[in-house]
Amino acid sequence: MKLGSYLIWAAVAAVSGLFVLLGYFIPVNLIPVAFQLRLLIMQWAVLLAAVGLFVGLANIFLVHWTKVGEQSEGWPYSAILLIFFLITLMVGLVFGPDSETVRLLFNYVQLPVEATLSGILAISLALAGFRILSYRRDFISVVFVGTAFFVLIGSGPGLIPNDGPGYEFFAGLRNWIAQVAAAGGARGILIGVALGSVVTGLRVLLAIDRPYGDG
Amino acid sequence: MPVLSLDFFGMIIAALLTIMVLSYIIADNLLFRIAVYIFIGVASGYAGAIAWHNVIRPALIDPILQGGFSTLFNSEAIGTFLIPLLLSILLLMKLSRTTARLGTISVAILVGVGAAVIVGGAITGTLIPQSVATTNALTPEVAFPAEGENVASWLERLISAVVVVVATITTLLYFRFSAQKERSGETRRSRFNAVVAYIGRTFIAVTFGVMYAGALMATVLVLAQRFEFLRSVLLMLAGGG
Amino acid sequence: MAEIRCPMCSAVNHADAEECVECGARLTPLIAGDEPTGESRESGLAASAEGQTAEGEDWLARIRRDAESPPPEEEPEEAAEDIEPGESPDWLGQLRQADQAYEEGPPTGDQPDWMDEFVAAGDEETPEADQDEEVPEWLARIRERTQSKEISTEIDDDWISSLRDEEAQLSAERPAGLEELEPAPEEDQEEEADLPQSAPLDLGALSSVPPPDRPSGEWRLTDEEAEAGVDAEFATGPPADFSEEGFREDAGEVQGELPHVPALIPEDTGEKPIIEIDEKVLDSAELPGWLEQIKPALAAMEEEEAAFGEDQEDDEDDLAPATLPSWLEAMRPVDAFRPEIDLEPEDDQPVESAGPLAGLRGVLMAEPIVAKPRTSSVSASRLEVTERQYAQAELLQRLVESESREVRAGPEKPFTLPITRWIVTLVLVVAILLPYGFEQFGFQGFATPNVQSRDVAPLVSLVNNVPVEQPALVVFDYTPGYSGELDTVARSVLVHLNNRNIPIVTLSTRVTGPPLAERLMRAISEESAGDGIQYLHLGFLSGGPTAIQLFAVSPRDAILTGFRLPEGLSRQNVWASPILQDVRRLSDFGVVVVITAGTETARTWAEQTQPWIGESPLVMVLSAGAEPLIRPYYESLNQQVDGVLTGLPSAVAYQQNTGQQAAALQSWDSFGSGLMMVEIILLAGIGYGVSRWLLDRRSG
Amino acid sequence: MIGINLLGLLVLVLFVVLLIVFIAIGDRWPVSFRKIRGYEALLKALERAVESGERVHLSLGTGSLIGTDSAAAFAGLVVLTEIAKVTSLSDRPVVVSTGDGAMAIVAQDTLRSAYREAGALDRYEPISARMLGPTPFSYAANIPILLESERVSANVLLGAFGAEGALAADFGERKQTFVMAGTEDIQSQALLYAVAEYPLIGEEVFAGGAYLDVSPAHRASLRVQDTVRFIIVGGILIGLLLNLLGISL
């Protein structure tokens, strides 16, 4: 690990992070220069994130272009991907992402496929609910599936119709479970996750973890 | 006879793609892969176009088109144009293995800002608000019955508040990592911790159960709407429109 | 300018330089016996060159004396008899002394006379003599000795193995020049065909008997046979007093006493023995007397060999642990190099220009012997490899090769049909499709919810109070995957805003947000009465929470281009739109509605916009599962979220509350029957899990 | 005028001081941690993958590098250094996938450093860290094809996920691979709890560095989290008491 280069990157990350971090605690107009610099650094980060997206897209293009070039396994699929990628990108760059062609491609290719994948998730979740008790036989899993069952019963149309007897009790039970027990549990999980996030972020700012590599 | 517009053909293509993706439920097959690769191609092209038009062009190209090449030497634009332009070019160096090292400064800035957003957002957005909200759960108004309020609703309010506090604290304590090491080398929670953790884990299961039920409702509705869409396309083709 | 090349580093030096300029090595050789001490070397160097030749004479004289003095008659016998076990015979000692003397090498300069005599003597014994004279003197002596007496059986068996070891040692140490002491093969290439190629095999009385398949006199190995891998030992000729017959007898005896020493037993490698004495030849020819005597011995030997052949197969497997394995024995480098080196006539021989033997003629070129590519006379086929060894070598080869190759992954996991998955899919899909047949069967479908969720009423009143002149900001932060649910839920609030003629400005922090917004707003405006609704897309806000904070502080700096703007408005100046003319800060929007499925996005908007949203209400339109997380923001004292709408049931209730035409009911029945089936599946899962648990407990 | 968030600054300083203190005294005052099923199974799965010549796939999620939900991805990058070192000399080194371009770049840099530390820099391939798709569902749709073509036997999901995380985990389960999953978003955690074989709950996603013994600083981090946890629970109880007594802070 070259000590020299690693220190530079650590310093760059720490300084840019510090400006953004202090902005959360010190009001904007207390130190105008610091606020302006923080705004600048955040705009650079936003721009670099978009440029990063382009590097990622180039990454995808290279992976599939090599597959087609080497005619390796599954290269016809990669050819299909490259064709649609280049058509959509060219049309989007030339006529803009809000042009009619791009709208048609989005509405009739991207949206239906994503929605259907989300629909497939319904089957995966139902299947997981059926199998969880045979995989993990513990009280916690019983509580998990039982809670889901009662919330579903009390939420909408189902085994107990909305105007059926006892629907009000189950709706009330559902509200209590969701708005009290689950809310308390969720808050505990949120605080726990926040603890982990703070320490993980601090390790990066203090250069203990160096995701940018050692240069 | 339905109106032969672009949307008409679009609806047919969308229906075909929906059936091709649904076929994955039976088994991973050729149709599913073709649909997925078309989808990834369109999504990537679209994301590239939006990133160019909404972020990169306004930040790096328009200033030059509007202010001409003098912008490059304009001292005020150093911060808003020159440095971001340089950082962007350096980040693009990451595309090739040999020049990858040049882009490390841009990555360091991204990582620094990302880490700061995590730390700042977690402290100011979750840690403090959620902790303070838990302490406010048992205010005197909640703890003591208002005049003329029937006992049942007061008790329900009080029990709910206590349950929220107990749920938050026990869930938080469930995640405690340190434990006692037995002679046999096994690590085990102390008795008190084990009880608290068990209660906490039950509340976690309840929370996950509620969210799992919500996700089931959402996805079942999406699946129902997909079949609804297929049905409307069939009707459209049959001319019943 | 005359130059000479340094022997050590082959640097070019002046002819008369003493030492190499480069590496300081001596260019002119020292005179033997003179120890060049550091100091004396400089002075000693000046010693006259003549002195060197005088000293050279003395050591040559010694060699000449040794060479001429006739070996005492009895000595070899005594030597033979007195040979103590483990002690080498005296003649060998002399041989070694001559060898060392030769190693010191003659001084540089002209070829000494003794060398000429010696070579001449060698020549005399060239082909003119008849077959007996042909045999060199020393060989003739040995032959007389072997004819006069039987080799006594008391010779300890060790002398043979020690002889073999010494011979191996000698052949390893034999300097280039020693071959000359052996009976030099014929020098002329042309006469080679008639003359024996290699030293005659010492068959004693047998030499006159030609092997059956060769013309008379040609019993020796031809070059080809030597190269084809005939046993090198026979090709190069045995040591001086070695005799084939004697060896076989000893081998026979030794084999009897030391069965465990296969090395001494000629391997029955299936190859034809080099010298095959055919009985017919023995019987038919008038054999000299001595042959008559040894015939019975030969017959006895053949029986032993045949008997030995059978034993060997049995013994092969259980080798006594201490012996040398046959494959190692076969690989023993007996005499790797062919001894025959063709020497050119003296005049043609080059004068050695460098190195310690500089100036000498007829110096055997060290490099040719070392460097000359030659096929080793011990050929590979000689290496006997048993089946097991071949398998081991093959395994080793495969192991080495496998290291470099990228190993293909392990075998596929056993493919199991996802029966459970197919059943769950079937029942769920049937349940969703069933309601489409409800009308035919006269079934009304699922009842709409009559119990108001306690959040709907406050939200309806909140939207009713939004000031009409300020636009509403609607954030589309969900992915197309959730559009099925959230489009339906959000439509109820957007139609309500549109019914109150509040212009809607859309924004998204996700790449897919803007087209989703365009699609929903277009659908709502097509269904709404009148001239449609006023809406404007700010488009994609890149940068996640960082950008949300930037937008909250100064919207005009955060958003630079719009999305699918109405005619007359270019993409660059979206803020010129009449809808946005009064908007400078986030609080200038009448209401902020965030539509999202992810709890993270909802929390980010709640936390990041809190300081800059001012009095404008923040409404969350959420997917069903996200409610528990956002509720704390909704119910806390300083409400960060002013209104919540989650899931289809709440949306249906909202539409009924605001008198909208309940578009959400379109999928209500499918949704209801799908949920019912999911509840049944969960119940079945609980039943299945508990029953398996009970069964395991009972069987466990 | 919004005042300085003193409480926030105080909490930040507390975290930094505690982290430095625990790193300093870590060795002299060792502590042991409770078992987490997921990480124990991960270590075994890594061994199996290296020996049977199959590949480990680490997913860093679909979140943005500068998003609030990227903490789980940073924790995933720590686990990546350890997995990369273990598999760098095996026949099929680890492959990393993300749904964000900038995250893919950071993953490549992390991989290169891990290979250099393992002394196998020549075996580093930039393409082994790649972006699969720009949107969450386009990322998840590519997972079954990646699992098939790269012959994956261990599927580790550590990063920011929405519902597509459950889809990615289910694709892994269908291919009968080892699936361990952890994320920040609670709704996604609930779905992963149902679908994945080894789900990580809540904070456990950040404990990868300590449980895979990456460095003492990661063990110190868990001790900081535990300490601040007690301070927050104490604070809540004191706050409740003060609130009950009507004393508002």
Side-chain angles (χ1 to χ4, degrees), chain A residues 9 12-13 16-17 20-21 24 40 44-45 47-48 50-51 53 55 57-58 77 80-81 84-85 88-89 92-93 97 104-105 108-110 112-113 116 118-119 121-122 125 140 143-144 147-148 151-152 178 180-182 184-188 190-192 194 197-198 201 204-205 211-212 215, chain B residues 10 13-14 17-18 21 33 37-39 41-46 48-51 55-56 59 79 84 88 91 104 106-113 115-116 118-120 122 124 126-127 130 160 163-164 167-168 171-172 175 201 203-207 209-210 212-213 216 219-220 222-223 226:
Chain A
W9 314 136
V12 165
S16 48
V20 174
L21 185 58
Y24 281 95
L40 264 185
W44 296 348
L47 174 65
L48 290 177
V51 172
L53 173 66
V55 173
L57 294 178
Y77 299 122
I80 294 171
L81 184 143
F84 278 88
F85 174 46
T88 316
L89 187 64
L93 291 179
L104 292 172
L105 280 171
Y108 298 117
V109 174
Q110 184 162 350
V113 173
T116 312
S118 196
L121 186 55
L125 293 179
I140 301 303
V143 169
F144 173 78
T147 306
V151 168
L152 284 175
V180 176
R187 191 173 278 162
L190 277 174
I191 294 173
S197 303
V198 170
V204 172
L205 291 176
Y212 35 77
Chain B
I13 291 167
L17 289 172
T18 300
V21 174
R33 293 197 172 203
Y37 271 79
I38 293 173
F39 160 57
V42 168
S44 305
Y46 177 74
I50 276 239
V55 181
I56 296 173
S88 304
L91 190 62
T104 308
S106 306
V107 174
I109 291 175
L110 275 171
V111 165
V113 170
I118 292 170
V119 174
T124 59
T126 309
L127 215 54
Q130 295 294 335
S160 299
V163 165
V164 167
T168 305
T171 304
L172 196 49
F175 290 115
R201 182 135 190 196
F203 278 112
I204 290 173
V206 168
T207 307
V210 169
Y212 168 68
L216 268 174
T219 47
V220 164
V222 168
L223 189 59
R226 278 297 91 198

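Values below: all heavy atoms of this structure, side chains included; hydrogens, waters and symmetry mates excluded. Quick note on labels: first sequence line is chain A, next is B, and so on, each numbered from 1. The structure presented is a predicted model; accordingly, all values stated were derived computationally and were not measured.
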Student: What option among B:V55, B:V206, B:V163, B:V107 has the most heavy-atom pairs under 4.5 Å with chain A?
Tutor: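 Heavy-atom pair counts peak at B:V206.
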Student: Can you name the nearest heavy-atom pair linking B:A213 to A:L152, along with the distance?
Tutor: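 Of all heavy-atom pairs spanning B:A213 and A:L152, the closest is O-CD2, 3.8 Å.
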Student: Below 4.5 Å, heavy-atom pairs only: which of B:I204, B:I13, B:I109 has the largest tally toward chain A?
Tutor: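 Among B:I204, B:I13, B:I109, the one with the most close pairs to chain A is B:I109.
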Student: Only pairs of heavy atoms separated by less than 4.5 Å count here; which of A:L104, A:L121, A:I80, A:T147 has the most with chain B?
Tutor: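 If we count pairs closer than 4.5 Å to chain B, A:T147 comes out on top.
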Student: Taking atom OG of B:S44 and atom CZ of B:F39, what is their separation to the nearest 0.5 Å?
Tutor: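 Taking OG in B:S44 and CZ in B:F39, the distance rounds to 9.0 Å.
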Student: Does some side-chain heavy atom of A:L105 sit less than 4.5 Å from a side-chain heavy atom of A:Q110?
Tutor: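 The answer is no, as the side chains (C-beta and beyond) never meet within the 4.5 Å cut-off.
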Student: Specify which of A:V20, A:V51, A:V151 makes the most heavy-atom pairs with chain B at under 4.5 Å.
Tutor: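 Among the listed options, the one with the most contacts to chain B is A:V51.
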Student: Do the side chains of B:L172 and B:T168 get nearer than 4.5 Å, heavy atoms only?
Tutor: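 They are not in side-chain contact.
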Student: At a heavy-atom distance under 4.5 Å, which candidate from B:A51, B:A167, B:G45 has the highest pair count against chain A?
Tutor: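 Highest number of pairs under 4.5 Å: B:G45.
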Student: Tell me, side chain or backbone of A:L93 under 4.5 Å from chain B's heavy atoms, or both, or neither?
Tutor: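 For A:L93, backbone and side chain are both near chain B.
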Student: Would you say that B:V42 contacts A:F85 through its side chain, given a criterion of any heavy-atom pair below 4.5 Å between the two side chains?
Tutor: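 B:V42 does not reach A:F85 side chain to side chain.
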Student: Measuring from atom OH of A:Y77 to atom CD1 of B:I38, what distance do you get when rounded to the nearest 0.5 angstrom?
Tutor: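 Atom-to-atom, A:Y77:OH and B:I38:CD1 are 11.5 Å apart.
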Student: Using heavy-atom distances under 4.5 Å, tell me whether A:L125 contacts chain B through its side chain, its backbone, both, or neither.
Tutor: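 Contact with chain B: backbone and side chain both.
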Student: Can you name the nearest heavy-atom pair linking A:L89 to B:A49, along with the distance?
Tutor: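 Closest approach of A:L89 to B:A49, heavy atoms only: CD1-N, 3.8 Å.
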Student: Where does B:R226 contact chain A at under 4.5 Å (heavy atoms): side chain, backbone, both or neither?
Tutor: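 It is the side chain, since no backbone atom gets that close.
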Student: Report the option among A:V12, A:L205, A:L190, A:L47 that has the most heavy-atom pairs separated by less than 4.5 Å from atoms of chain B.
Tutor: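 Heavy-atom pair counts peak at A:L47.
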Student: Is any side-chain heavy atom of B:L17 closer than 4.5 Å to one of A:T116?
Tutor: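 Heavy-atom side-chain distance check fails, nothing below 4.5 Å.
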Student: Return the option, out of A:L21, A:V198, A:I140, A:V204, with the maximum number of heavy-atom pairs under 4.5 Å with chain B.
Tutor: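 Most heavy-atom pairs under 4.5 Å with chain B: A:I140.
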Student: Check A:S118 against B:V222 and note the closest heavy-atom contact, atom names and distance.
Tutor: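 A:S118 and B:V222 have their closest heavy atoms at CB-CG1, 3.9 Å.
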Student: In terms of heavy-atom proximity below 4.5 Å to chain A, should B:A59 be classed as side chain, backbone, both, or neither?
Tutor: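 Just its side chain gets close to chain A.
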Student: Relative to chain A, which of B:F175, B:Y46, B:Y212 shows the most heavy atom pairs under 4.5 Å?
Tutor: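 The candidate making the most pairs under 4.5 Å is B:Y212.
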Student: Taking the side chain as every heavy atom from C-beta outward, state whether B:S88 and A:L48 have any atom pair closer than 4.5 Å.
Tutor: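 Yes, at least one pair of side-chain atoms sits under 4.5 Å.
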Student: With a 4.5 angstrom heavy-atom cut-off, could you sort out which part of A:L53 is near chain B: side chain, backbone, both or neither?
Tutor: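 Side chain only.
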Student: So for A:L40, is it side chain, backbone, both, or neither that comes closer than 4.5 Å to the heavy atoms of chain B?
Tutor: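 Side chain only.
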Student: Taking every heavy-atom pair that is under 4.5 Å apart, which of A:P211, A:A58, A:G201 has the most such pairs with chain B?
Tutor: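 With the most close heavy-atom pairs to chain B, the winner is A:G201.
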